[in-house]
Protein chains: 2
Amino acid sequence: MAKKIPTRLYLSEDEIPRFWYNLRADMKAKPDPLLHPGTLKPATAQDLEAVFCKEPVKQELDDSTRLIPIPEALEEFYLSYRPAPLIRAYFLEKALGTPAEIYYKFEGTNTSGSHKLNSAAAQAYYAKEEGLTSVTTETGAGQWGTAMAMAAGYYGLGLTVYMVKVSSEQKPYRKALIETYGAKLIPSPSNTTESGRKILEKDPDTGGSLGCAISEAVEQAVKTDKCRYVLGSVMNHVVLHQSIIGQETKAALDKYGIKPDIIIGCAGGGSNLGGLIAPFMGEKLLGKSNANTRFIAVEPASCPSFTRGRYAYDFGDTARTTPLIRMMTLGNGFIPSANHAGGLRYHGMNPILSKLYKDGLIEARSAVQSEVFDAAVQFMKVEGILPAPESSHAIKAAIDEALECKRTKEKKVIVFGLTGTGYFDLTAYIAYNNKTMTDYIPTDEDLAKGFSSIPDIPQNKD
Amino acid sequence: MAKKIPTRLYLSEDEIPRFWYNLRADMKAKPDPLLHPGTLKPATAQDLEAVFCKEPVKQELDDSTRLIPIPEALEEFYLSYRPAPLIRAYFLEKALGTPAEIYYKFEGTNTSGSHKLNSAAAQAYYAKEEGLTSVTTETGAGQWGTAMAMAAGYYGLGLTVYMVKVSSEQKPYRKALIETYGAKLIPSPSNTTESGRKILEKDPDTGGSLGCAISEAVEQAVKTDKCRYVLGSVMNHVVLHQSIIGQETKAALDKYGIKPDIIIGCAGGGSNLGGLIAPFMGEKLLGKSNANTRFIAVEPASCPSFTRGRYAYDFGDTARTTPLIRMMTLGNGFIPSANHAGGLRYHGMNPILSKLYKDGLIEARSAVQSEVFDAAVQFMKVEGILPAPESSHAIKAAIDEALECKRTKEKKVIVFGLTGTGYFDLTAYIAYNNKTMTDYIPTDEDLAKGFSSIPDIPQNKD
């Protein structure tokens, strides 16, 4: 008899991976390098260290080391909330009447409520090790800001969080949580920075945007002594830290001899998706295993960087101060509609994932938020967990795939990332319950406006 | 070398206890029976079944069966969120510099955010099994209402929750969560019941109370076809269901050969405390083990039923409709000050715990809320988890005991119940951060007023 698969697959502490897996090492076609926006030459460690911490910069630029050891002191922090459970969705399978096996990696058991803590802890650790006294960052929906507040609090590091103004007003509990962990929170745009003041002059009533909050946080970091900027997605070193998700998922599946047919992740900047699929994609690229595994990215129809974006060099922020990143992008000037609930509202996408998508190795699809919340509520009623709006994009696709298996009578193994909980997103659920939630799909004109902000450089002519 | 103790002790699924442990079976001096308020004779199953579900009534009256099997279909639901982790507080120990070993049983990993789900699931299961179509209940801080909404939603059972009005206004997210799981929420007092209307006539602007919400829920259950009332604490069958907490804790400690010197639980109606200590107290009573283990109840100074209450027969609700319960009580007319944050605001205490306290087998102490929140914030900054205000009472005592060990250089083992998370209690944390939180200790006159509501019956003359 096959070993009975428990509802919750927990690794024991000695089974937790001690290494991050750097997928780029196994990619023959590597993502393109970051470019210095002035010289248009590949950015050097020195360029990047003006903004970012040293070790993360090293990791950002390293596309050849396969396994990077997780520092022991960081591993200790990870043990305060990891291993995260891999859960067999027996209840959902039954409710759907599907022959498919569904598993989800649940990253929401820590107080910050999402996977973001995996990289927040790493970046806070390295900042402390480097002798910095503080870091700055931005947050939109609030998951990353909370995670950084927890991590900075733990390592005794000062933290200033620029929170998109409309979000800080709609989410007083997120704000309170960030402040309770000891961080300083500034609604963005603010008059504490040049870029904030510029935007406020133009539009004093703006609710702010992620791109603008990034500009403020970077500016503040650069002008402050012993301070650097940290961010929670998009960059390759963040995806590297998040590979702990995929490493744990693979270890748990391997323990029971389970091979995934479909792996699904929601995609905003790509940190969860990139981390979740990394070791599986690695084996596929090496021809070792998972030859037929499909990888599916799910993004909001209101911010469709994979499905309707362009593969181009673009800035990471609105003020156009970051290095140029070659990625799937809607243009740094693109701002998703205000009715969009939750995160996944970044204009670009991690370069590794962008490259894999471009090369046909991952699929992508989009979903409008009302159908995403339909899936979320269907899920929570049987599986119990109230999912974050972000994570619910993956739920939506997992349900669709499971129903397709029902139609075709195939017993596929579907794995998806449940990146976090929606405890601080109940305003969106209230709108859903009251049927006041609306959907928005950008028009081609909206997109054209965003694309016009992509820099007109030779590299973008190819 | 001793086996290294992991940070998180998870039982595997086949190590999860399959039985609830009924402590009364091992008590030589049993708690006194419930009395019918009219005849003052012990309440019969028939009396109780007018209000409660059949199987819980059987459990309520059963003081001789030691182990009661958890029904298989319920065990399946438990597996959706259990086992709950027993966590070694390495970070807190280090921060305190104590030689003590501190462990906490963390019941907050499910979406309802607390241990309440253990009994909610059992009661929803039995109601469904009995052929009922709906149940009613009340909720104060909201943990129990959310747990019942999850459980009722899962078992396809209708649910009406009477939520203390002031709480439903202060906690829109709790309300939204309860409604998203499909339950009907009515702020109490309401005009849907006789008892609600009576109170509104007297005081139209009242914020409500738990005792009043109970009266409304009971009245609604009695007058509705195929409907019964369920409640989340105080009763012996609830403590029975919560023994899963103690059973799991004991199994995890036994696995590593750890014997607790001190077990600490917060106490409102007593469901967590009773469930946590049950198997340890049982061994102590039988002289098997734990001969010197101390059991400590921690309650709010603003609602001190153990430390300043009377051991008497009293009603469970304000409208004086329930059976009479012999317990530590402040009087059914006692209402804690409005500035009290979170739960633990019930006037009485579970009869088993009341009896054990009366017989000197458990200790009790109280704490004012500012010192409770001091402990909560100290805890969250090192252990990561944002605790519920309720649970933080236990944290406060655990820290005090650990510091006492530091003074005496004793390496004691301290175990406490971390009953839940404070994600929906951030309004209280905001007050704490802003230093607008105030403490309240009832005066002797306040208490005398409460005591005057204790019924003047012969049994209370002893």
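Each chain gets a letter, A, B and so on, in the order the sequences are listed, and its residues count up from 1. Keep in mind that this is a model prediction, so the values were computed, not measured.
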If one checks every heavy atom of Val377(B) against chain A at 4.5 Å, the contacting part turns out to be side chain
If one checks every heavy atom of Met380(B) against chain A at 4.5 Å, the contacting part turns out to be both
Ranking Leu117(B), Leu79(B), Val382(B), Ile87(B) by heavy-atom pairs under 4.5 Å to chain A gives rank one to Leu79(B)
Just by distance, which donor-acceptor pairs between chain B and chain A come in under 3.5 Å?
unit_1	atom_1	unit_2	atom_2	d
Thr7(B)	N	Glu13(A)	OE2	2.6
Arg8(B)	N	Glu13(A)	OE2	3.3
Arg8(B)	NE	Ser80(A)	O	3.4
Arg8(B)	NH2	Ser80(A)	O	3.2
Glu13(B)	OE2	Thr7(A)	N	2.6
Glu13(B)	OE2	Arg8(A)	N	3.3
Ser80(B)	O	Arg8(A)	NE	3.4
Ser80(B)	O	Arg8(A)	NH2	3.2
Thr111(B)	OG1	Gly384(A)	O	3.2
Thr111(B)	OG1	Leu386(A)	N	2.8
Tyr173(B)	OH	Thr427(A)	OG1	2.7
Thr180(B)	OG1	Asn433(A)	ND2	2.8
Tyr181(B)	OH	Gly384(A)	O	2.3
Gly384(B)	O	Thr111(A)	OG1	3.2
Gly384(B)	O	Tyr181(A)	OH	2.3
Leu386(B)	N	Thr111(A)	OG1	2.8
Thr427(B)	OG1	Tyr173(A)	OH	2.7
Asn433(B)	ND2	Thr180(A)	OG1	2.8

For Ala183(B), the side chain to side chain contact (heavy atoms under 4.5 Å, CB included) test, sequence neighbours excluded, returns Ala149(B), Leu159(B), Val161(B), Ile178(B)
Closest heavy-atom pair, Ala176(A) versus Ile430(B), reported as atoms and distance to 0.1 Å, is CB-CG1, 3.3 Å
